[in-house]
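Report on one structure; see the data block that follows.
Along the sequence shown, residues carry numbers from 1. Please read all numbers here as calculations on a predicted model, not as lab measurements.
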Amino acid sequence: MLLVLFGARQWHRRPKDPSQGRLPKWMAAIDRLTPVKVFGLGLGLGLALALALAALNAKNAPLTIAAAASIGSAGLPVGQEITSLAIFVLIATLGLLAPPGVYMVGGERAKTTLGNWKDWPAQHNVAVMAVLFFVIGLKLLGDGIGILTS
């Protein structure tokens, strides 16, 4: 329920003019990294780092907890649990792996694409976060109601 309220609050506080949006600090810091360092950062993220980031970032915690709960309660053998967890971590790091991959494949031509990728979230960050919190909150609220009524 708190996530739903937080999402609504974020939505109402978003800039009315998207050009007034700002990049989150972590995204702005990526500009100072070389493509090789960003690629290494993406590959170097493991489960412990993903869990630590989840604790520091409100949108990651519910997703990571829900994924861990789903994998843990699926009744899978240990090997399949580890594989499922590895796939989750890989998917979770794709956002970090995609830009250096595009740069490595596209070289100088990729600068326009990457610039567009950077500009869009800067302009729409608050709205995206508001919708994300709202949807995650509704999902978790629905799951909780489902558990209570069963």
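- Remark: His124 NE2 to Arg14 CZ distance equals 11.0 Å, nearest 0.5 Å.
- Taking both residues in full, the closest heavy atoms of Ala130 and Trp11 are given as CB-N, 3.2 Å, listed atom of the first, atom of the second, then distance.
- Panel note: side chain Ser150, backbone Ile147; a donor-acceptor pair is recorded below 3.5 Å.
- The distance from the CD atom of Gln10 to the CZ atom of Phe134 is 13.5 Å, given to the nearest 0.5 Å.
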Which pairs would a plain distance check flag for residues 97-114, meaning a side-chain donor or acceptor within less than 3.5 Å of a matching protein atom at least two apart in sequence or in another chain?
{"from": "Glu108", "atom 1": "OE1", "to": "Lys111", "atom 2": "NZ", "distance (Å)": "3.1"}

Side-chain donor-acceptor pairs under 3.5 Å in residues 72-88, sequence neighbours left out?
{"from": "Ser73", "atom 1": "OG", "to": "Ala69", "atom 2": "O", "distance (Å)": "2.8"}
{"from": "Thr83", "atom 1": "OG1", "to": "Gly79", "atom 2": "O", "distance (Å)": "2.9"}
{"from": "Ser84", "atom 1": "OG", "to": "Gln80", "atom 2": "O", "distance (Å)": "2.8"}

Please tabulate, for side-chain N and O atoms in residues 136-146, each donor-acceptor pair with protein atoms closer than 3.5 Å (sequence neighbours left out).
{"from": "Lys139", "atom 1": "NZ", "to": "Asp143", "atom 2": "OD1", "distance (Å)": "3.0"}
{"from": "Lys139", "atom 1": "NZ", "to": "Asp143", "atom 2": "OD2", "distance (Å)": "2.6"}

